[in-house]
2 protein chains.
Amino acid sequence: MNDQLCLERSIKEDRIPPSDTKTRILDVAFRLFHEQGYHATGIATILREADVNSGSLYHFFPSKEALLIGVLEYATQIMHPVVMAPAEAAAEDGIERIFALLANYRTGMEMFQCKMGCPIGNLALEVADDHPPARALIDQNFRNWAAVIEGWLRSVGDRLPPSADLGQLSRFILTVMEGGIMQARAAGNLVPFDESVAQLRAYFNLLQEQARAAREVGKQ
Amino acid sequence: MNDQLCLERSIKEDRIPPSDTKTRILDVAFRLFHEQGYHATGIATILREADVNSGSLYHFFPSKEALLIGVLEYATQIMHPVVMAPAEAAAEDGIERIFALLANYRTGMEMFQCKMGCPIGNLALEVADDHPPARALIDQNFRNWAAVIEGWLRSVGDRLPPSADLGQLSRFILTVMEGGIMQARAAGNLVPFDESVAQLRAYFNLLQEQARAAREVGKQ
DNA sequence: CAAGAAGTTGAATGAACGATCAACTATGCC
DNA sequence: GGCATAGTTGATCGTTCATTCAACTTCTTG
């Protein structure tokens, strides 16, 4: 969920009405919420950058909170094409797809000098407590993300232990990604993110070894 | 860094000047930044809840950003007695201390209906990009946290593989904690946190098994 | 006890905030 | 072409925001 900005721009240009007002508002609001956070972003800034008048914005979104909801629904829609599809194109194997995805997040972080991080993660910590409907949509975004990963994990068959809870493991990967990004932003460099990914890789290697050993036993 | 509120209050009552203005401001600001976030917390609210006039606050902290710095320094000081000491009292073994610490975070989350989470983590995502000195102090808080964990890990000796990078592993534990809290807040329940801890436990079991096997080989 | 330093009071400030609305224009449908 | 609906304009509203400051009180120190 890192480099939506760029890729989503290309999506926009492909479609027929590229500069439709509502989409332009969502596009800019999504970017500014990501860059500055929800509370730190003023409506006036969104209006200026989207080149829209306040009346138009309030025609589509009756309040700033409604705009937040709109942005989170927007994020749900663009998640797969923007975040998942590139990783699926980068690797065929389920496990390698996961690390390709993490590498893409790394690249996104690198492009913005370790700033911004994950737009959904940022909003999760900033607004989840105070805006229940937003919390639900953030949760939905996380669930969708993990569901894709779980699909990748299922595709590797017996290379992971049959006892492993793949749904749980998919959410653990999200945990590691978000935690790694948080520390990288605090550090101002990617070392903590890389270290977290390295530990995750070590875990996966041990899981695969465990599965291999179990298969040997099964053969006998 | 979850239940500082309660424990730090008891600290305050022990010391000689318990209701010193500056400490009262820091106490309230820390709590409100934790509960509502930095931008969502108005100076007026801090003044009201700390029962202090604006002039007094600006006597100690020339700006809201300076107050943020003060709060982060405050957090650095109270981290060990409030967060680490209880876990050290709860378990002797290094590895069990880690999971006791995570259990304490869980309890803190439970007390507040899965809200608030980690005060440092929240600020990391909200202000790290825009306030470089705050970013450095957040990083310092994370480093101190992980350094304590690393000490615990070193104390377990050969029960972890000699090849394991214990500094890296300590930061990975912070990653898992923060990522698990983020998902729990989004979900509105503790399941994702518990799952993350379960996966971390599985990883530790595999690491210990690996170390045991290596020891066997070494004996021969 | 004198005198300066440290801390406190609280009304006032201008800027930025989210939100409103009556008037206006474009669009789609019969 | 008529008429409602959808979308747009931009000045304006009241509120809240972080911050200021001159006057005042309390503490410190010689």
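Just so you know, these numbers use all the heavy atoms, side chains as well, and skip hydrogens, waters and symmetry mates. Every chain is numbered from 1, with letters handed out A, B, ... down the list of sequences.
Side-chain N/O atoms of A:N53 include none lying less than 4.0 angstrom from OP1 or OP2 on D:dT8. For C:dT20, the OP1/OP2 oxygens have no side-chain nitrogen or oxygen of A:Y58 closer than 4.0 Å. Between A:H59 and D:dG7 there is a side-chain N or O to OP1 or OP2 distance below 4.0 Å. OP1 or OP2 of D:dG7 has not a single side-chain nitrogen or oxygen of A:T21 nearer than 4.0 Å.
The distance from atom CG of B:L57 to atom C1' of C:dA6 is 16 Å, rounded to the nearest whole Å. To the nearest angstrom, P of C:dG18 lies 12 Å from CG of A:L32. Between the CG atom of B:L47 and the C1' atom of C:dG7 there is a distance of 15 Å, rounded to whole Å. C:dT9 atom P lies 16 Å from atom CZ of B:R48, rounded to whole Å. If you take CD of B:E65 and P of D:dC17, they are 19 Å apart, rounded to a whole angstrom. Rounded to a whole Å, the CZ atom of A:F60 is 17 Å from the P atom of C:dA19. Rounded to an integer number of Å, the gap from CD1 of B:I25 to P of C:dT9 is 10 Å. Computed from coordinates, the A:D20 CG to C:dA26 P distance equals 17 Å when rounded to whole Å.
For A:N144, the side chain to side chain donor-acceptor pair (under 3.5 Å) partners at least two apart in sequence or on another chain are A:Q140.
For the side-chain contact (heavy atoms from CB on, under 4.5 Å) with B:W152, the lone residue among B:I95, B:L101, B:D93 that qualifies is B:L101.
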> Does the pair B:Y105 and B:F193 meet the rule for a ring pair (Phe, Tyr, Trp, His ring centres under 6.0 Å), with working shown?
Replying inline: CA-CA 10 Å; B:Y105 276 99; B:F193 182 81; 7.6 Å; no
> Can you give one letter per nucleotide of nucleotides 11-17 of chain C, 5' to 3': B if a protein heavy atom sits under 4.0 Å from the base, S if only from the sugar-phosphate, - if neither?
Replying inline: B------
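Under 3.5 Å, the side chains of A:Q183 and A:S196 contain no donor-acceptor pair of N or O atoms. Side chains of B:N104 and B:T107: a donor-acceptor N/O pair is absent below 3.5 angstrom, by distance only. Side-chain N/O atoms of A:N53 and A:S56 include no donor and acceptor closer than 3.5 Å.
A salt bridge links A:R143 to A:D139: one of the charged nitrogens lies within less than 4.0 Å of a carboxylate oxygen.
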